[in-house]
Amino acid sequence: MADHRAQVEDLLADYRRGREQLAEVHHALAAISESATSPCGLVTATVSAQGALTALVLRENVYRVYRPAELAAVIVRTTAAADALAARAAGHAVAPVLPSGTDPEALLRGTADLTAAELVPPRPQADEESFENMTWLEPGAPGRP
């Protein structure tokens, strides 16, 4: 009977340690906030561990330097750079709780142990003819004189 009790106590102790470790990882992930600044220095983006944009700073003269489409592209590139930093930090935060040999960044990306072939999205199968982009109301359209 004492053996079973000791085993249960060991299991409960392992469970408590695991929960504490999980809580630490959760707090570490919640605290991650990474920023990147564009090469021109006019745009700074900050993202969370989940890649959510949490702050965007545009210097006052950014509108004189860039046209709207160019500025949008700079914002997207800068946000992607901040996201890469945050993903790396998140990978470091979760690494201690992962099995040895697991790539934390791949796990967080959702690719974990998938091969390159498994990452390629499947090609859509050719269904029956689609009429989605056809118009039937204009003269000369299929079915119209």
Side-chain angles (χ1 to χ4, degrees), residues 1-137 141-143:
M1 185 80 155
D3 261 357
H4 293 299
R5 204 171 271 173
Q7 287 176 338
V8 169
E9 288 301 321
D10 286 346
L11 289 172
L12 285 173
D14 286 346
Y15 170 75
R16 287 185 191 107
R17 277 191 297 277
R19 272 187 60 77
E20 288 171 7
Q21 199 172 26
L22 182 60
E24 289 171 13
V25 168
H26 179 74
H27 292 306
L29 288 172
I32 291 173
S33 179
E34 293 290 339
S35 297
T37 300
S38 62
C40 64
L42 299 175
V43 175
T44 300
T46 303
V47 300
S48 68
Q50 294 79 24
L53 182 64
T54 58
L56 180 64
V57 177
L58 305 174
R59 303 291 179 256
E60 209 168 292
N61 61 338
V62 73
Y63 303 109
R64 288 183 286 231
V65 176
Y66 292 110
R67 294 177 180 260
E70 294 169 329
L71 177 57
V74 170
I75 291 170
V76 168
R77 284 192 304 272
T78 306
T79 302
D83 183 50
L85 294 172
R88 193 169 302 119
H92 290 300
V94 301
V97 298
L98 297 177
S100 159
T102 302
D103 178 356
E105 289 182 50
L107 180 72
L108 291 169
R109 280 192 309 270
T111 58
D113 61 351
L114 298 177
T115 65
E118 292 170 315
L119 293 174
V120 175
R123 288 182 163 208
Q125 294 184 358
D127 291 338
E128 296 178 19
E129 185 177 355
S130 171
F131 298 103
E132 183 177 338
N133 294 321
M134 296 182 82
T135 179
W136 300 90
L137 301 176

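Annotation for A36 and A82: closest pair CB-N, 3.5 Å, computed over non-hydrogen atoms. Of all the heavy atoms in S35 and L85, the pair that sits closest is O-CD1, 3.4 Å. Closest non-hydrogen pair, A93 versus I32, comes out as CB-CD1, 4.3 Å. Here the closest heavy-atom approach between residue V94 and residue P104 is recorded as CG2-CB, 3.7 Å.
Exactly one residue among T46, T44, V43 makes a side-chain contact (heavy atoms from CB on, under 4.5 Å) with V57. That residue is T44.
A 4.5 Å side-chain heavy-atom check between I75 and L56 finds at least one atom pair inside the cut-off. Side-chain contact between V62 and L71 is present, with heavy atoms from C-beta onward closer than 4.5 Å.
In this structure, the separation between CD on E105 and NE2 on H92 is 6.5 Å, given to the nearest 0.5 Å. Note that CG of D83 is 10.5 Å distant from CZ of R88, once rounded to the nearest 0.5 Å. Expressed to the nearest 0.5 Å, how far CD of Q7 lies from CG of L12 amounts to 12.0 Å.
Between the side chain of S48 and the main chain of Q50, a donor-acceptor pair closer than 3.5 Å is present. Here the side chain of T78 pairs no donor or acceptor atom with the backbone of T37 at under 3.5 angstrom.
Residues satisfying the side-chain contact (heavy atoms from CB on, under 4.5 Å) test with A87, not counting sequence neighbours, are none. The salt bridge (charged side-chain N to carboxylate O under 4.0 Å, His left out) check on D10 picks up nothing, with sequence neighbours excluded.
Pairs of residues two or more places apart, or lying in two chains, never qualify as side-chain hydrogen bond (donor to acceptor under 3.5 Å, both in side chains) while including a residue from residues 59-73.
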Audit row: V47, T79, side-chain contact (heavy atoms from CB on, under 4.5 Å) steps and yes/no: CA-CA 7 Å; V47 300; T79 302; 3.9 Å; yes

